[in-house]
Protein chains: 2
Amino acid sequence: MTSSKTGNINTWLSHLQEETKFSISVDCVIFGYDSSKLKVLLIDCNMPPYEGRKSLIGELLEAKETTTQAARRILKNCTSLKDLYLEEVSVYSNPDRHPLGRVVTLAYYSLISIADYEKHIVDAANKRLEWIDLEDINKLAFDHQEILTDAYNRLQRTVREKPIGFSMLPKKFTLIQLQNFYETVLNIEVDRRNFRRKLMALGLLIDLQEVQDNVSHRPAKLYSFDFEKYKQKQNIGTLNFEI
Amino acid sequence: MTSSKTGNINTWLSHLQEETKFSISVDCVIFGYDSSKLKVLLIDCNMPPYEGRKSLIGELLEAKETTTQAARRILKNCTSLKDLYLEEVSVYSNPDRHPLGRVVTLAYYSLISIADYEKHIVDAANKRLEWIDLEDINKLAFDHQEILTDAYNRLQRTVREKPIGFSMLPKKFTLIQLQNFYETVLNIEVDRRNFRRKLMALGLLIDLQEVQDNVSHRPAKLYSFDFEKYKQKQNIGTLNFEI
DNA sequence: CCAAAAGTGTTGCCTTTACACCCATGT
DNA sequence: ACATGGGTGTAAAGGCAACACTTTTGG
């Protein structure tokens, strides 16, 4: 009989048995931004019946780690970057979702400035990792297309509420780069003047007193995001970050 | 060696072994609303070292079900209600979180009109289930206090964006009941006139042309929520539900 | 007629949107 | 000098918050 009769967390003792144990994996949707394009880091899949498709990057959960730790391990393995932004997306537990057997997966998404990534990349060739434009992705292996959709929805929401977008831009950026980023990720168009006024009003951009170099037009001013001030405002409840 | 070397979903074959399998549970935070109080359905915990505390209601995931299905099974077992609102909260996977061993849990929250629940309640006495005022809950068993906090944050957010609050009210309600509900859940006070104007402007409340009974003052008009119209507006993108 | 809660409008302010012209640099 | 993208201000409209008195019922 199932545990339906008991309905109590206290009755689990008899159930911690092999028949009710599952493999757990963690899949990472790694978003990157470069040249006004939103991209995802994918790997070739060669597992039947998905040969030829691409998949997200995932590994099995190990015995002594949390799912978050597993996600960080995966990120470090394939990007050599630490301290990346990381957010949980959802759990995917359809019994038939994986051809090798019952694997419940936790999806996370993470954000990278591709320029930074390129500097740290180790052996992408070995791992067959590739940045693919989000708009070109349509048939991933397993249920990864669904995971990607969920992750992107989550990203679109969070990017409006928290300053996570700055994780996907170079440390020094122009206001127009910033605007292009939001327009790309949110798939909207915004008025340049209104955008600038709003962002400057937040009081969280540091004017670096520098300008672009090597551009064949009037060079734009460079800014960076004031994470310190953001944290302070967050703590004292003054914050109102809304794009 | 760990799977770190492989980093590829395709290399999992060798890992679907007992040593990397886990018990998975699903815990439900069941919120109920009654008499201007937000409550949670809890059960007594008698597992060391948490004897005497209360815990959320949870069961182990079974072999052939998704976590969502497990959550619905739990809800049906302890409330006899179907089609309740259900939303995923998060995963909790600290290796030491459960005294019986490694149990990774998925938390969901659900919403109930306690008045409706009372009608369907079967054997709450047997199961030692109890509605506890949210404000009186402070030391749950396991990591359930953390889960509850996360679930409540999620509820507060979602209740502003979607009409889930109506799941916690009687089918016929007065505008003041509705206002009290939002004030309680969001822990804010709102102006009565502004609240009414906003809600009526949504065009989603049906005036039932009935009034309260047995009240020793001017009886209030009764309304119900127009779920049909809401779905339509959602589909054609006309929707702007924001409290 | 009194108590108790229901119901109703207006105003000022702030936020958001729409919109067009000059500026700095490289070639 | 010209081409290219960078930078700036203002006005109108809409949404939001603040506020007090009248109405209906039961006792």
Side-chain angles (χ1 to χ4, degrees), chain A residues 34-37 159-161 169-170 172-184 186-225 233 237-243, chain B residues 34-37 159-161 169-170 172-184 186-225 233 237-243:
Chain A
D34 193 30
S35 318
S36 294
K37 287 280 187 181
V159 85
R160 282 179 166 270
E161 299 170 352
L169 289 166
K172 302 176 177 185
F173 52 83
T174 70
L175 280 176
I176 293 210
Q177 285 172 338
L178 187 59
Q179 179 180 346
N180 285 338
F181 169 79
Y182 282 107
E183 290 183 330
T184 302
L186 298 174
N187 201 26
I188 56 174
E189 292 199 353
V190 302
D191 180 86
R192 199 158 78 230
R193 284 162 291 193
N194 293 338
F195 179 80
R196 284 164 181 263
R197 191 178 316 116
K198 196 169 205 169
L199 267 287
M200 295 313 284
L202 284 176
L204 292 171
L205 295 184
I206 301 170
D207 183 342
L208 295 172
Q209 310 288 350
E210 296 177 58
V211 292
Q212 279 181 313
D213 222 17
N214 290 325
V215 288
S216 73
H217 52 77
R218 174 173 175 178
K221 293 172 77 176
L222 292 169
Y223 295 86
S224 67
F225 184 74
K233 289 202 176 193
T238 335
L239 185 70
N240 192 17
F241 194 92
E242 276 280 339
I243 302 297
Chain B
D34 193 30
S35 318
S36 294
K37 288 279 187 182
V159 85
R160 283 178 166 271
E161 299 171 352
L169 289 166
K172 301 177 177 186
F173 51 85
T174 70
L175 280 176
I176 292 212
Q177 285 172 339
L178 188 59
Q179 179 180 346
N180 286 339
F181 168 78
Y182 281 107
E183 290 183 330
T184 301
L186 298 173
N187 200 27
I188 56 175
E189 293 198 353
V190 302
D191 180 86
R192 199 159 75 231
R193 283 162 292 191
N194 293 338
F195 179 81
R196 281 162 183 265
R197 190 178 318 115
K198 198 168 202 168
L199 267 287
M200 296 313 284
L202 284 176
L204 292 171
L205 295 184
I206 301 170
D207 183 343
L208 294 172
Q209 310 288 350
E210 297 177 56
V211 292
Q212 279 180 315
D213 222 17
N214 291 325
V215 288
S216 74
H217 53 76
R218 174 174 175 178
K221 293 172 76 174
L222 291 170
Y223 296 85
S224 67
F225 184 74
K233 289 202 177 193
T238 334
L239 185 69
N240 192 17
F241 195 91
E242 276 282 336
I243 303 295

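Sequence lines set the chain letters: A, B, ... in the order given, protein chains first and strands last, and positions in each chain run from 1. What you are looking at is a predicted structure, and each value in this text was computed from that prediction instead of being measured.
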Q.
Regarding D/dA20, can its base be found pairing with the side chain of B/R193 as donor and acceptor, where the two atoms are less than 3.5 Å apart?
A. yes

Q: Apply the side chain to side chain contact (heavy atoms under 4.5 Å, CB included) test between A/Q179 and each candidate in A/L199, A/V190, A/T174; give the one that qualifies.
A: A/V190

Q.
Both atom distances under 3.5 Å, Watson-Crick or G-U wobble: I'd like the secondary structure of DNA chain D as a dot-bracket string, with | for pairs made across strands.
A. |||||||||||||||||||||||||||

Q.
Using heavy-atom distances to pick each residue's nearest nucleotide on DNA chain D, tell me which of A/D191 and A/A220 is more 5'.
A. A/A220

Q: Can you tell me the distance, in whole Å, between the CZ atom of B/R196 and the P atom of D/dA20?
A: 18 Å

Q: Starting from the 5' end of DNA chain C, give me the residue, A/R192 or B/Q212, whose nearest nucleotide shows up first.
A: B/Q212

Q) Do A/K221 and A/L175 touch side chain to side chain, with heavy atoms closer than 4.5 Å? A) no

Q: Can you tell me the distance, in whole Å, between the CG atom of B/L222 and the P atom of C/dA6?
A: 12 Å

Q) Choosing from D/dG6, D/dG9, D/dT25, which nucleotide comes nearest the side chain of A/N194? A) D/dG9

(Q) Can you work out whether A/P219 or B/H217 has the more 5'-proximal nearest nucleotide on DNA chain D? (A) A/P219

**Q.** Whole-Å gap separating P (D/dG6) and OH (A/Y223)
**A.** 12 Å

Q. Which pair of non-hydrogen atoms, one from B/Y223 and one from B/D207, has the smallest distance, and what is that distance?
A. CD2-CA, 3.7 Å

Q) Hey, does A/I176 reach any base, or is it just sugar-phosphate, or nothing, if we go heavy atoms under 4.0 Å? A) sugar-phosphate

Q) Start at the 5' end of DNA chain C and walk down; is the nucleotide closest to B/S216 or to A/K198 reached first? A) B/S216

Q. Can a donor-acceptor pair under 3.5 Å be found between the side-chain atoms of B/R218 and the base atoms of C/dA3?
A. no

Q: Write down the distance between CG (A/L199) and P (C/dT15), rounded to a whole number of angstrom.
A: 16 Å

Q. Angle class for the A/Y182/A/F195 ring planes (parallel below 30°, perpendicular above 60°, tilted otherwise)?
A. tilted

Q: To the nearest Å, give me how far apart CD1 (B/I188) and C1' (D/dA17) are.
A: 13 Å

Q.
Go through it in stages, so that I can follow the logic: the residues are A/L205 and A/F173, the test is side-chain contact (heavy atoms from CB on, under 4.5 Å), and I'd like the CA-CA distance, side-chain angles, deciding distance and then a yes or no.
A. CA-CA 10 Å; A/L205 295 184; A/F173 52 83; 4.0 Å; yes

Q) Any donor-acceptor pair under 3.5 Å joining the side chain of A/R197 to the base of D/dG9? A) yes

(Q) Need one value for A/K221: base, sugar-phosphate or nothing, where a base atom within 4.0 Å counts as base even if backbone is also close, heavy atoms only. (A) sugar-phosphate

**Q.** Atom-to-atom span, CG of A/L178 to P of D/dG5 - whole angstrom
**A.** 19 Å

Q. Between B/F225 and B/I206, is any pair of side-chain heavy atoms under 4.5 Å apart?
A. no

Q | Contact summary for B/R160 and B/I243, nearest pair of heavy atoms | A | NH1-O, 3.0 Å

**Q.** More than 12 heavy atoms from other groups under 6.0 Å of CD on B/E242
**A.** yes

Q. Tell me: CD of A/E189 to C1' of C/dA18, nearest whole Å?
A. 14 Å

Q | Protein-nucleotide distance (A/D213, atom CG; D/dG6, atom P), rounded to Å | A | 15 Å

